There are 2 protein chains.
Amino acid sequence: DYARRCAPYLVSGQVVVLHPGNFGGSIQFKQILEKEGKGNITVAETECLIYSCRKKNPVKIWIRGYKRSLRLAAFPSVETRRVLEFLRHAYPYLEPAANVLETGLSNPNPIVHTPLMVLNAGRIEGDEDFLFYWEGMTPAIGRTIEIMDEERLAVGRALGLDDMRSIYRQDRDWFAYQGGTGSNIYEAHVRNPIYQWSVAPATFDHRYLTEDIPFGLVPLEDLAEKLRHPAPTVRAIIHLANILTGKDLRREARTLADLGLDNLAVHQLLDYVDSGSRQLVEV
Amino acid sequence: DYARRCAPYLVSGQVVVLHPGNFGGSIQFKQILEKEGKGNITVAETECLIYSCRKKNPVKIWIRGYKRSLRLAAFPSVETRRVLEFLRHAYPYLEPAANVLETGLSNPNPIVHTPLMVLNAGRIEGDEDFLFYWEGMTPAIGRTIEIMDEERLAVGRALGLDDMRSIYRQDRDWFAYQGGTGSNIYEAHVRNPIYQWSVAPATFDHRYLTEDIPFGLVPLEDLAEKLRHPAPTVRAIIHLANILTGKDLRREARTLADLGLDNLAVHQLLDYVDSGSRQLVEV
């Protein structure tokens with residue numbers, strides 16, 4: 001685990017930013033640092049990577065987009081302002097999120113990549129390459145993504161995260177200044193020049209499923225169940241992705257139980273991400 | 001409804017064969033005839049259409065395959081032998097099914113067509129035509145179909161239908177003599193010359209979803225729930241097909257409730273399809 005490997009080199013008072021955290025990333029990171037005797041490190045996370053980029057080779061990255069209005073939260077959230085003031089010297093467009101539940105639920109990758117993979121499964125396994133967004137995205141797949149997004153926002157609202165952005169709005173906030181356009185998820189993807197270069201994966205053993213499901217969709221399904229907000233589209237996509245990859249991605253996932261948070265009531269969960277203090281929540 | 005329109009022209013003692021019945025077709029047909037005062041008509045159904053064909057224009061059908069070993073059942077099953085003896089003059093390769101639950105669950109179309117549609121959704125909405133089986137079928141889609149098939153066979157076993165064939169075996173029984181080959185669902189479809197001519201639909205508003213789901217998958221889901229044999233893959237495909245078509249295909253479905261059979265115990269259901277007698281089952 002990264003946190004365990006980093007621990008010996010971290011100095012009291014330092015700030016670690018997970019970029020992005022995925023769901024629960026900074027909670028888990030902080031918990032591990034505490035176990036390693038490094039409780040005095042501040043951990044924060046962004047909702048997504050600030051760059052749109054591809055690794056071209058081990059020492060070269062092709063950056064083709066840069067997100068404005070990317071949100072960040074510290075764990076605990078009482079530290080968010082301080083981390084943000086510091087980071088804005090380098091990244092002036094960063095904005096605060098309510099807490100790490102918001103950043104954890106706001107990575108659009110799981111919601112966008114996974115239905116694009118599943119609903120293009122035949123083509124991904126087929127012989128010809130295709131452009132993941134510009135050719136793989138269709139109106140009906142866009143609608144599927146919007147329905148999954150609504151399931152995600154309902155979970156956010158149940159956690160009091162009323163300011164969470166739809167993926168469509170988030171995309172516009174990030175990319176409008178670079179030419180992002182369109183009036184729904186489908187149009188936003190087939191018209192945004194940032195997305196034109198992405199060639200679709202040729203295998204299901206790809207981070208669009210093997211990362212986005214265990215660290216994005218499964219935690220969302222998990223929370224939806226805990227909060228009794230059914231997320232049938234999320235569930236259907238996870239189920240089919242398990243079949244396509246031949247893996248049990250639910251078993252590889254970071255769940256509320258892994259973070260020791262499965263037995264908390266909602267207000268205890270919110271207390272914990274705000275204060276970071278276990279005393280408040282251990283009953 | 002066809003049954004209502006046919007009723008005035010049917011003569012006592014006549015045999016009506018639904019070709020195919022889809023799930024519950026002959027039960028519903030017979031029930032309507034009884035209401036119309038034509039209780040003395042025998043109704044039977046096959047598990048699928050005996051021909052592999054396409055309508056080319058209103059007066060022309062292109063038949064490119066002919067199924068051997070197609071199963072038929074009468075409702076009630078006590079009539080199956082008699083109907084079969086008669087029909088074998090024209091269709092010598094027909095075989096008996098245990099009852100209309102078996103024929104109803106044995107149409108392979110819902111299990112094969114629907115994941116092919118859903119997992120090729122992007123391509124179906126895309127600009128280029130493709131061959132539905134020869135290009136749309138891939139190893140992972142074949143595995144998905146096999147898992148759905150296992151969910152279907154589990155429902156059959158729970159109904160005592162131990163002789164139900166897997167789709168793969170059924171396909172071999174039907175087409176081996178015409179060149180059907182391969183050792184799994186994927187290979188059977190991409191190698192069978194019968195399948196090479198099918199161009200994929202260019203819309204989701206197509207019988208592969210709008211018929212196969214309400215008259216095939218939803219009744220299967222319905223039975224699976226009644227019998228407490230979870231069918232998560234069937235459920236996932238129905239859910240995504242609803243989104244892709246923009247319809248609630250569950251609401252358009254023929255369910256156990258529509259047939260007045262939702263409150264029966266399994267042995268009562270089996271009594272009913274064997275004897276056709278409501279007296280035995282009304283408690």
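Below, chains carry the letters A, B, ... as their sequence lines are ordered, and counting in each starts from 1. Quantities reported herein were computed from a predicted structural model and do not represent experimental measurements.
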Given that the side chain runs from C-beta out, which part of [X] has a heavy atom under 4.5 Å from chain A: side chain, backbone, both or neither?
X	value
B:L244	both
B:F130	neither
B:P115	neither

Quick check: do [X] and [Y] have side-chain heavy atoms less than 4.5 Å from each other?
X	Y	result
A:L220	A:F23	no
B:L217	B:L249	no
B:I167	B:M148	no

Who wins among A:L119, A:L240, A:I238 for the most heavy-atom pairs under 4.5 Å with chain B?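 Top count of heavy-atom pairs under 4.5 Å with chain B: A:L119.
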I'd like to verify something: which residue of A:G126, A:A121, A:P232 has the highest number of heavy-atom pairs under 4.5 Å with chain B?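 That would be A:P232.
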Check chain B against chain A and list any donor-acceptor pairs under 3.5 Å.
| unit_1 | atom_1 | unit_2 | atom_2 | d |
| --- | --- | --- | --- | --- |
| B:L119 | O | A:A121 | N | 3.0 |
| B:L119 | O | A:G122 | N | 3.0 |
| B:A121 | N | A:L119 | O | 3.0 |
| B:G122 | N | A:L119 | O | 3.0 |
| B:E125 | OE1 | A:T138 | OG1 | 2.3 |
| B:E125 | OE1 | A:A140 | N | 3.1 |
| B:E125 | OE2 | A:A140 | N | 3.2 |
| B:T138 | OG1 | A:E125 | OE1 | 2.3 |
| B:A140 | N | A:E125 | OE1 | 3.1 |
| B:A140 | N | A:E125 | OE2 | 3.2 |
| B:R143 | NH2 | A:L244 | O | 3.2 |
| B:T233 | N | A:H239 | NE2 | 3.4 |
| B:T233 | OG1 | A:H239 | NE2 | 2.7 |
| B:H239 | NE2 | A:T233 | N | 3.4 |
| B:H239 | NE2 | A:T233 | OG1 | 2.7 |
| B:L244 | O | A:R143 | NH2 | 3.3 |

What's the shortest heavy-atom distance between [X] and [Y], and which atoms?
X	Y	value
B:A158	B:V266	O-CG1, 4.0 Å
B:A98	B:L161	CB-CD2, 3.8 Å
A:P193	A:G179	CD-O, 3.7 Å
B:I141	A:G122	CD1-CA, 3.7 Å
B:V218	B:A253	CG1-CB, 3.5 Å
A:P110	A:G216	CG-CA, 3.7 Å

Counting heavy-atom pairs closer than 4.5 Å to chain A, which one of B:I124, B:I237, B:I243 comes out on top?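 Maximum pair count with chain A is reached by B:I243.
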